[in-house]
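Keep in mind the model is a prediction, meaning the values are calculated, not measured. Values below: all heavy atoms of this structure, side chains included; hydrogens, waters and symmetry mates excluded. By convention here, the first residue in the shown sequence is residue 1.
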Amino acid sequence: MDQVIGDREAERTIIDKIERDHGIAVLRGEPANTITFSAKADGGLSALELVLRVAAVRRNPTVLGARRFPCMADIERVETGLIRAVAARDVHRREDLMTGALAYQDQMRLPLCLVEDPGGTDDTVPGADFFERFGFQYIYDRPRYALNTETISAEMLRRAAGGETVSLDLPDTTLQAVAPGELLSLAHFVNARLCRRYGFFTVRSAAQCELEQAKLLGSGGNLFQIMENGVRKGCFACTDTGADSVREVVFDQTFDRKCYIVTEKAAEGKGPAFMARIVNLPEMLGHVTGNGQITIAIRIHDPVIAENDGLFIWYIDEKGSRMERVDEPGTGGADDASMRPEVTVTIGELTAFLFGHIRLKQNAKFDSIYLAGPAWLDDIY
């Protein structure tokens, strides 16, 4: 109890400082994992919402010689932030909100901040170019899904949505909507399958699955599952009962998924996707390991967080990684020929590299870094 009280007092101190420094209001909302940053000058009409979520980061190298799939015991849970909305017609207010939100996450030692599909639907919600100015970069292109109508027709989906257990052509295989009492086992199923293939994903819980199901039911859709002899083979979400309404898809085997779901990767720069940026650099680097001892001179440009901006020596080994700044006054810095960077990146490019979305340099040293990705960000409840 004393630790909880101490953590709340520490957060209150951080919030008070951010409110003073940035001229904004910061409020813990409902649910408790929501933080709202609003502009005091316009009575709170301009606001940014930050949703705190628990994500899984797999420590690499993964299980070696264990002759088993990676499991949830092989991952570490970290808190991340997801920016859901930025509403502000005044550019300066919008920038104050963003810098305040990033300062909050940095001081709360959150390693990463995400933003989902920053398309910019109107002049109150900024697009990708706005987030790029604050160090965000794309790290994930979300696949597009549709029913394989040769095995599951839209009519079958409608029947399953109505509560029917629909028999499929394969022996002892059925399609059905997920019952409320199955949401906990569904969350376990999804987490167990994702940690086999991905280094970073948001951890599912029964409560989050329940929330998602409620949203889907509101639009005429549901969570569905494929069962074989009473064993779950895969699951997917649909916003309605149309063939092209499929959202998140998780199957035990790729072959099973292809039997029921058609997947088409969205073209680069088009369709829903996720951007991200490292916030607290030391926290993020602790989840990056390497094959042996690796040392890299790296120049990072960060337009917002000064602690991330500069010339560093990056030390990587099997236990993790860290950076030491080398451009302090009197140390030679960037003018010292021995400290010239091997690579120069923005904080967004470093983020995209750590999640396996881009390559920084093609050589054995960089190929020996075990990255935090690949990421699975198909949907965030």
Side-chain angles (χ1 to χ4, degrees), residues 29-34 49-58 69-73 75-82 84 114 116-117 140 142-143 145 147 152 157-166 174-228 230-242 245-253 256-257 260-261 263 272 274 375-381:
E30 290 294 336
N33 67 328
T34 302
E49 184 180 77
L50 180 72
V51 180
L52 303 179
R53 288 296 315 275
V54 175
V57 178
R58 188 172 64 212
F69 286 116
C71 66
M72 291 298 285
I75 64 96
E76 292 184 348
R77 294 172 185 248
V78 298
E79 195 170 44
T80 62
L82 171 70
R84 282 213 181 274
L114 303 164
E116 182 179 7
D117 187 21
Y140 183 81
R142 179 157 41 195
Y145 302 110
L147 290 177
I152 300 178
L157 200 65
R158 283 192 289 271
R159 288 162 52 196
E164 182 179 343
T165 298
V166 179
T174 59
L175 166 70
Q176 58 190 247
V178 178
E182 298 174 309
L183 293 175
L184 179 59
S185 66
L186 179 73
H188 289 325
F189 175 87
V190 172
N191 290 333
R193 271 63 191 176
L194 293 181
C195 73
R196 293 180 182 181
R197 301 184 179 95
Y198 300 96
F200 179 84
F201 58 92
T202 52
V203 178
R204 274 58 172 172
S205 69
Q208 288 155 0
C209 290
E210 182 179 19
L211 176 61
E212 177 64 5
Q213 188 175 51
K215 291 179 179 178
L216 294 170
L217 287 169
S219 65
N222 209 333
L223 294 172
F224 297 92
Q225 57 191 358
I226 304 293
M227 307 292 288
E228 182 180 329
V231 178
R232 185 181 289 113
K233 305 298 290 183
C235 59
F236 55 95
C238 286
T239 54
D240 53 47
T241 53
S245 68
V246 181
R247 288 172 60 184
E248 182 170 273
V249 176
V250 179
F251 272 78
D252 194 19
Q253 301 291 335
D256 292 327
R257 175 181 56 76
Y260 306 105
I261 306 295
T263 305
F274 280 84
W376 170 276
L377 294 169
D378 204 41
D379 199 8
I380 290 186
Y381 304 152

Residues at least two apart in sequence or cross-chain that pass ring-ring contact (aromatic ring centres under 6.0 Å, His included) with Phe224, listed by chain then number, are Phe236
Between Tyr145 and Glu248, the two heavy atoms sitting closest are CE1-CA, 4.5 Å
Q) Donor-acceptor pair, Ser219 side chain versus Thr239 backbone, under 3.5 Å? A) yes
If you look only at distance, which donor and acceptor atoms sit under 3.5 Å apart when one is on a side chain in residues 184-193 and the other is two or more places apart or in another chain?
unit_1, atom_1, unit_2, atom_2, d
Ser185, OG, Glu182, O, 2.9
Ser185, OG, Arg232, NH2, 3.2
Asn191, OD1, Arg204, N, 2.9
Asn191, ND2, Ala187, O, 3.2
Asn191, ND2, Arg204, O, 2.9
Arg193, NE, Asp252, OD1, 3.2

Closest non-hydrogen atoms of Gly234 and Phe251, given as atom of the first, atom of the second and distance, are CA-CD2, 3.5 Å
SG (Cys235) and CE (Met227) are apart, to the nearest 0.5 Å, by 10.5 Å
- prompt: Short question: side chain of Arg53, backbone of Val203 - any donor-acceptor pair under 3.5 Å?
  reply: yes
Original post:
Heavy-atom distance under 4.5 Å between the side chains of Leu147 and Ile261, does that happen here?
Top reply: yes
With a 4.5 Å heavy-atom cut-off, do Leu223 and Leu183 have their side chains touching? yes
Sequence neighbours excluded, the answer for side-chain hydrogen bond (donor to acceptor under 3.5 Å, both in side chains) partners of Thr80 is none
Original post:
Would a 4.5 Å heavy-atom cut-off, applied to side chains only, mark Arg247 and Leu216 as touching?
Top reply: yes
- Task: Would you check if Arg77 and Met72 make a side-chain contact, meaning some heavy-atom pair closer than 4.5 Å?
- Result: yes
On a heavy-atom basis, the closest approach of Pro143 and Thr263 is CB-CG2, 3.8 Å
CZ (Phe200) and CG (Leu194) are apart, to the nearest 0.5 Å, by 12.0 Å
So CG of Asp240 and CG of Asn222: to nearest 0.5 Å the spacing works out to 11.5 Å
On a heavy-atom basis, the closest approach of Trp376 and Val249 is CH2-O, 3.1 Å
Here the pair of heavy atoms bringing Val166 nearest to Ala160 is CG2-N, 3.8 Å
TODO: Kindly indicate whether the side chain of Asp256, heavy atoms from C-beta on, has any atom under 4.5 Å from the side chain of Ile226.
DONE: no
Between Ser245 and Gly242, the two heavy atoms sitting closest are OG-O, 2.8 Å
